[in-house]
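Single-structure report; data block below.
Letters go in sequence order (proteins before strands), and every chain restarts at 1.
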Protein chains: 2
Amino acid sequence: MVEPVKKPTRKTDGFVANDTTLRTFVGYHMKRAFNVVQADLAKTLKPFELRMLTYTALVLIVDNPGLSQSQLADAMDVERPNLVVIVDELEQRELIVRQRVPTDRRAYALRVTLKGQHLFQQATDAVTAHEKALLGDIDTGAQDTMIATLIHIQSGGAKG
Amino acid sequence: MVEPVKKPTRKTDGFVANDTTLRTFVGYHMKRAFNVVQADLAKTLKPFELRMLTYTALVLIVDNPGLSQSQLADAMDVERPNLVVIVDELEQRELIVRQRVPTDRRAYALRVTLKGQHLFQQATDAVTAHEKALLGDIDTGAQDTMIATLIHIQSGGAKG
DNA sequence: TCATAATAGTTATATTCTATAATTATATTC
DNA sequence: GAATATAATTATAGAATATAACTATTATGA
């Protein structure tokens, strides 16, 4: 049974802007593609009341039990002050705990709670399924090539 | 003459977080790679007092003389209210003008000024050079594959 | 040892980007 | 001509991002 397609697409008539200059930039394509992925991710995480940043922090705490906020901030490429609110949110929702480190009383060891572990698993299943739905029809070889290229860029490309 | 390398790398010692779960997501790699590209772009545009959004708007106005703000917002995937401040900024710097459209007095036709055209050319040369420096060592085939894949994702991937 | 510097976390603050509702002026449609 | 839609705008709020400054604690080195 085919749903009759609604037309909420007001937008600007049939006009399509000429973006030939921008298309010469790889970054332009990266941004536009990432917008789509990010929007899909946000929608996927919404039922769990997670955003990309809070989900990423939760995952990294699961995979790195006991790491400090500084280490987490470093892993997420986020400034320490900005990480505080993210950790606050996860802690208030009782998804993680801040444990004092006996050997260094300045630092906290971050650990996931049982509740956090469960939410992590549910959210990760959902994100995995949604990514597969979004990108599943892309040729495996092309996907591998893209990931390798993206990793290369991460390390600074020709500069790194 | 080799500069002695400074060590401003405080960061978290030698610790490297385990991100195996996140690495299963293509979006994770896209975000991290785009962070690098975006940071490079911001630095490149800084001397021209342009940001990614103001530069993008300027380029699209150059390539689409006379387009309306709604059309520009649509092309940039930005909400109309948010575009106003971008156009305001470009107009105040006399890089573009808002021209009333005789046939539709609600709309403005956006056009670049001579000053804007010059800044566009300088900035575009700089951005082109910086992208080449950043991504120049990537295999051409891999680059083409990535761009094709990114374009495919833009149109909604398996969903579109 | 003690003074100094460095680190972990936090608070405060500012900028930018993004998103929605509501308003005015003009155009379109029935 | 009345109702509706569109273009641009204002107002507002939520997020992400970045820097400076502060407290508490740890590390360094004269």
Legend entry - Between P of D:dA21 and CD of A:E79, the distance in whole Å: 16 Å
Inset, instruction - Could you encode protein contacts along nucleotides 22-30 of chain C as a string, one character per nucleotide from 5' to 3', using B for base contact, S for sugar-phosphate-only contact and - for no contact, with a heavy-atom cut-off of under 4.0 Å? - result: ---BBS---
Inset, instruction - Provide, to the nearest angstrom, the distance between the CG atom belonging to B:D88 and the P atom belonging to D:dA11. - result: 12 Å
Inset, instruction - Establish, with yes or no, whether the OP1 or OP2 oxygen of C:dG9 is under 4.0 angstrom from a side-chain nitrogen or oxygen of A:S70. - result: yes
Inset, instruction - Ignoring hydrogens and angles, state whether a donor on the side chain of B:Q143 or B:D139 is under 3.5 Å from an acceptor on the partner side chain. - result: no
Inset, instruction - Considering only NZ, NE, NH1 and NH2 on the basic side and carboxylate oxygens on the acidic side, decide whether B:D77 and A:K31 come within less than 4.0 Å. - result: no
Inset, instruction - May I ask you to establish whether A:R100 and A:Y108 are in a cation-pi arrangement, using a distance under 6.0 Å from NZ or CZ to the six-membered ring centre and at most 45° from the ring axis? - result: yes
Legend entry - Closest non-hydrogen atom pair between B:M52 and B:F34, with its separation: SD-CZ, 4.2 Å
Legend entry - Strand DNA chain C as a dot-bracket string - pairs counted if Watson-Crick or G-U with both distances under 3.5 Å, | where the partner lies in another strand: ||||||||||||||||||||||||||||||
Legend entry - Value in whole Å for how far the C1' atom of D:dA18 lies from NZ of B:K46: 10 Å
Inset, instruction - Check A:L90 against A:A57 and note the closest heavy-atom contact, atom names and distance. - result: CD1-CB, 3.8 Å
Legend entry - Under 3.5 Å donor-acceptor, A:Q69 side chain and A:A107 backbone: no
Inset, instruction - May I have the distance from A:F15 (atom CZ) to D:dA7 (atom P), rounded to whole angstrom? - result: 12 Å
Inset, instruction - Using only side-chain N and O atoms of A:Q69, determine if any of them is under 4.0 Å from OP1 or OP2 of C:dT10. - result: yes
Inset, instruction - With heavy atoms under 4.0 Å as the rule, sort A:R100 into base, sugar-phosphate or nothing. - result: nothing
Between protein and nucleotides 15-17 of chain C, what N or O pairs are separated by less than 3.5 Å?
residue	atom	partner	partner atom	Å
C:dC17	OP1	B:R51	NE	3.4
C:dC17	OP2	B:R51	NE	3.0
C:dC17	OP2	B:R51	NH2	3.2

Legend entry - Nucleotide D:dA7, atom P - distance to CD of B:Q71 in whole Å: 8 Å
Legend entry - Evaluation steps, side chain to side chain contact (heavy atoms under 4.5 Å, CB included), between B:V26 and A:V37: CA-CA 9 Å; B:V26 175; A:V37 173; over 6 Å; no
Inset, instruction - Would you kindly give the CG-to-P distance between A:L83 and C:dT10, to the nearest whole Å? - result: 9 Å
Inset, instruction - Nearest whole angstrom, please: distance from the C1' of D:dG14 to the CG of A:N82. - result: 15 Å
Legend entry - Whole-Å gap separating P (C:dA8) and CD (A:Q99): 18 Å
Legend entry - Modelled atom types, side-chain donor and acceptor of A:Q121 and A:D125, under 3.5 Å: yes
Legend entry - side-chain hydrogen bond (donor to acceptor under 3.5 Å, both in side chains) partners for B:R105, two or more places apart: none
Legend entry - Partners meeting side-chain hydrogen bond (donor to acceptor under 3.5 Å, both in side chains) with A:Y55 (sequence neighbours left out): A:T124
Inset, instruction - Using the test side-chain hydrogen bond (donor to acceptor under 3.5 Å, both in side chains), find all partners of A:D63 that sit at least two apart in sequence or belong to another chain. - result: B:T21
